[in-house]
Amino acid sequence: MTASHPVVPERVVIDTDPGVDDAIALLMALSSPQMEVLGLTTTAGNVPIGPATRNALAILESLGRTDIPVAKGATRPVRGRFAYARDVHSAAGLTHPLPPPTSRTSDTGAVQFLAQTLRANPGAVTVIALGPLTNLARLHRDHPTVLPLAKHLLVMGGAVDTPGNVTPQAEFNFYSDPTAARLVMEAGIPLTLIDMAPCRQVFLTRTDVENARPSSAAGILAERLLAGWFRQGAARERFNMYDPLTLVAALNANAIKLRSVTMTVDDSTTTNDSALWGRCRVLDETAGPISVAEPGGVDVTTSLLMIRDLLGWSQPAAN
Ligand code: RIB
Ligand code: CA
């Protein structure tokens, strides 16, 4: 960027189930001069839709960004029921208490908000999905011409040729709503999938959090959330930056080397074996609309530097 040619911020809508790592990703997006957050759409996932939506409102309010609309979304998956992850994110969904938000959600629901925003800005808005894909699946089912209007679509989810984090086969977002994941992965829409493989390599430790020395309101809240998360489990050694890495991929196309595949996701329509629901199945390793990380393709150092920089955390001493 030069003074005469300032970078034009990426306009984004973030679909989210906050959730601690969602919260860190939101704080990064709100701190980035490269990103203009047009709105948040919420989904149940880590916690039920009530706490998830309340947390989204509270995070925006804590940074004075009640100008950004929050559109409430999915209460339950396309099929079945959400399992939630209160054991990971706490019952409230955040591991540091925030004042109850005074702002209210938009009168428009999540699916309608996504449809209106993408129709009004064809080819100009990036959608970043950080939770179960229920809202996006319903959008594509009810308005099949809309999701292709996104400039880019990035999804945190899945476990491609690597173990899951909920079952040996399934990652949490895909496990929570496998039918929604299958519908989006089979839609033929180009998307970047940040799956378990790169996410396993990008994490913060207890010591990283203790040495954060944040210089911004966003960074202070991130430090408090992560310190709270580590306090809740003496055996907790690393906090995986699932959703924050997806934000890094949205901001820096060079952070993760990608390969193109065609894939589907197992659900109750593809197998009666529920142990396989949420499993990613690659149908073509050489081509397709899904861009997924190459094995060992994530630049861990650059990704962590970007996360710390966006949060206004000090950079680790060179070892
Ligand atoms: O498996 C990790 C994903 O599931 C993250 O998005 C986390 O927030 C949960 O939603
Ligand atoms: Ca999430």
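Order of appearance sets the numbers: ligands from 1, and atoms from 1 within every ligand. Throughout, numbering of the chain's residues begins at 1 and tracks the sequence. Quick caveat, the model's predicted, so the values are computed rather than measured.
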**Item:** N/O donor-acceptor pair under 3.5 Å between Ser32 side chain and Met28 backbone
**Value:** no
**Request:** Calculate, to the nearest 0.5 Å, the distance between atoms CG and OG1 belonging to Asn135 and Thr43 respectively.
**Result:** 5.0 Å
**Asked** Taking 4.0 angstrom as the limit, do Arg259 and Asp161 come out as a salt bridge?
**Response** yes
**Item:** Interatomic distance, Asn121 atom CG to Thr126 atom OG1 [nearest 0.5 angstrom]
**Value:** 11.0 Å
**Message:** What I want to check is whether the side chains of Thr269 and Arg182 have a donor and an acceptor closer together than 3.5 Å.
**Reply:** yes
**Message:** Once rounded to the nearest 0.5 Å, what's the spacing between atom CZ of Phe230 and atom OG1 of Thr207?
**Reply:** 8.5 Å
**Asked** Please walk me through it: do Thr162 and Arg200 pass side chain to side chain donor-acceptor pair (under 3.5 Å)?
**Response** CA-CA 10 Å; Thr162 192; Arg200 276 201 174 87; 3.1 Å; yes
**Polar side-chain atom of Gln201 near backbone of Gly296 as donor-acceptor pair, under 3.5 Å** = no
**Message:** Around the Ca ion (ligand 2), how many protein N, O or S atoms are found at less than 3.0 Å?
**Reply:** 5
**Message:** So, applying side-chain contact (heavy atoms from CB on, under 4.5 Å) with Val111, which one of Leu139, Thr41, Val146 is it?
**Reply:** Leu139
**Asked** Measuring from each atom of ligand 1, which residues have a heavy atom under 4.0 Å away?
**Response** Asp17, Asp21, Asp22, Asn46, Leu130, Met156, Asn165, Glu171, Phe172, Asn173, Tyr242, Asp243
